[in-house]
Amino acid sequence: VVTRDDVEESLKGVFQFVKDKEQLLQDLRSKIEETKKKISEKQRERDYWLEYKNVGSEIHAAKISSLEKDIVEVKNELERTEEHYNEALKVVREENQKLFDKHMKLLSEEALKKAVGYLDKNCRREIEENEWLKGEVEIYRKEERDLKASVQLLEEENTSLVAKLIDIKLQHLGL
């Protein structure tokens, strides 16, 4: 004999079972929805990377290649600029050295003039005469060099003439 309480209890059990199954079904549906979202997201990501692989990577490869060429050009330009500045620095250093030497010479001459100014008349006259004598000695040395060169040329010419004379006499003796 089945009583009403048994039927209600059985219905409650079935109802609870159906409710649990519906809840389980609802949970599965929400998990399916989440999984579909994840799949859709992964699909978009996969599509993005496929697009990048097919098109974007070529664009980036071209950009990378262009940037590498730019780097090489910049390095070459840097080397040329460095060479230019090194040359300019060398020229400036040489010019500075010339100016320094010129300035030191002028200072030396000025110091010599001041020192001569402090000397008495006799010493100054001796210094002036000494300078004049130095100039005269240089003139005579130049004349001496010129005369030595002239003598050497004359000696070579005389030697040549004597050699020709001997050759002519030998030719006449041979006849």
Side-chain angles (χ1 to χ4, degrees), residues 34 37-175:
E34 285 179 31
K37 285 180 184 178
K38 286 182 182 179
I39 288 172
S40 173
E41 186 179 309
K42 293 296 179 184
Q43 184 68 33
R44 282 192 303 271
E45 189 176 336
R46 190 195 88 177
D47 291 344
Y48 170 80
W49 287 114
L50 280 174
E51 179 70 20
Y52 176 78
K53 178 184 163 191
N54 294 332
V55 177
S57 63
E58 292 174 6
I59 293 170
H60 287 142
K63 285 182 181 179
I64 289 170
S65 176
S66 173
L67 290 173
E68 286 174 345
K69 287 178 185 175
D70 290 347
I71 288 170
V72 168
E73 289 176 11
V74 167
K75 283 182 180 179
N76 291 337
E77 185 64 29
L78 177 65
E79 288 173 5
R80 285 192 298 271
T81 303
E82 184 179 12
E83 288 175 13
H84 171 74
Y85 282 123
N86 284 337
E87 287 296 318
L89 179 63
K90 184 179 175 183
V91 168
V92 167
R93 282 184 178 162
E94 289 173 359
E95 185 66 28
N96 284 345
Q97 187 63 40
K98 287 178 186 176
L99 289 173
F100 177 77
D101 292 343
K102 183 179 178 183
H103 185 68
M104 289 305 292
K105 184 179 178 185
L106 289 173
L107 286 177
S108 175
E109 290 173 2
E110 188 67 30
L112 181 63
K113 286 179 184 177
K114 283 185 179 180
V116 168
Y118 291 120
L119 296 175
D120 62 3
K121 278 185 171 182
N122 291 333
C123 290
R124 275 188 255 161
R125 190 172 352 152
E126 285 180 23
I127 291 171
E128 289 171 1
E129 288 174 2
N130 190 17
E131 289 296 320
W132 177 78
L133 286 174
K134 284 181 184 177
E136 290 295 314
V137 167
E138 189 60 37
I139 291 170
Y140 288 122
R141 285 185 181 158
K142 184 180 182 293
E143 288 178 6
E144 179 188 13
R145 285 191 300 269
D146 293 345
L147 288 173
K148 281 183 180 180
S150 296
V151 167
Q152 185 178 357
L153 287 173
L154 288 173
E155 285 177 350
E156 290 173 0
E157 188 179 326
N158 283 343
T159 306
S160 172
L161 290 173
V162 168
K164 285 181 183 179
L165 185 62
I166 290 172
D167 287 342
I168 291 172
K169 281 192 178 191
L170 285 175
Q171 285 178 356
H172 287 292
L173 288 174
L175 292 174

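Source: prediction; values computed, not measured. What's counted below: heavy atoms across the whole structure, side chains too, no hydrogens, waters or symmetry copies.
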Between N86 and E83, is the side chain to side chain contact (heavy atoms under 4.5 Å, CB included) condition met? List the steps. CA-CA 5 Å; N86 284 337; E83 288 175 13; 5.6 Å; no
So how far is it from [X] [atom1] to [Y] [atom2], rounded to the nearest 0.5 Å?
X    : Y    : atom1 : atom2 : value
S150 : E157 : OG    : CD    : 11.5 Å
E41  : E45  : CD    : CD    : 7.0 Å
I168 : L173 : CD1   : CG    : 12.0 Å
M104 : L107 : CE    : CG    : 6.0 Å
N96  : L89  : CG    : CG    : 9.5 Å
R46  : I39  : CZ    : CD1   : 12.0 Å

Do Q43 and D47 have a side chain donor and acceptor closer than 3.5 Å?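 Yes, side-chain donor-acceptor contact under 3.5 Å.
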Short side-chain donor-acceptor distance under 3.5 Å, E126 and N130: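 E126 and N130 do not have a side-chain donor-acceptor pair below 3.5 Å.
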Salt-bridge present ([X], [Y]; N to O < 4.0 Å):
X    : Y    : value
E34  : K38  : no
R80  : E77  : yes
D146 : K142 : yes

Are more than 12 heavy atoms, taken from residues, nucleotides or ligands other than Q152, located less than 6.0 Å from that residue's CD atom?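 Result for CD/Q152: open.
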Within a strict 4.5 Å, meaning less than it, do heavy atoms of the L147 and E144 side chains meet?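 Of all side-chain heavy-atom pairs linking E144 with L147, none is under 4.5 Å.
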Could you give me the CA-CA distance, side-chain angles and deciding distance for K98 and E94, then say whether salt bridge (Lys or Arg N to Asp or Glu O under 4.0 Å) is met? CA-CA 6 Å; K98 287 178 186 176; E94 289 173 359; 5.6 Å; no
Just by modelled atom types, is the E155 backbone N or O under 3.5 Å from a matching donor or acceptor in the T159 side chain?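 Side chain of T159 to backbone of E155, a donor-acceptor pair under 3.5 Å: yes, one is there.
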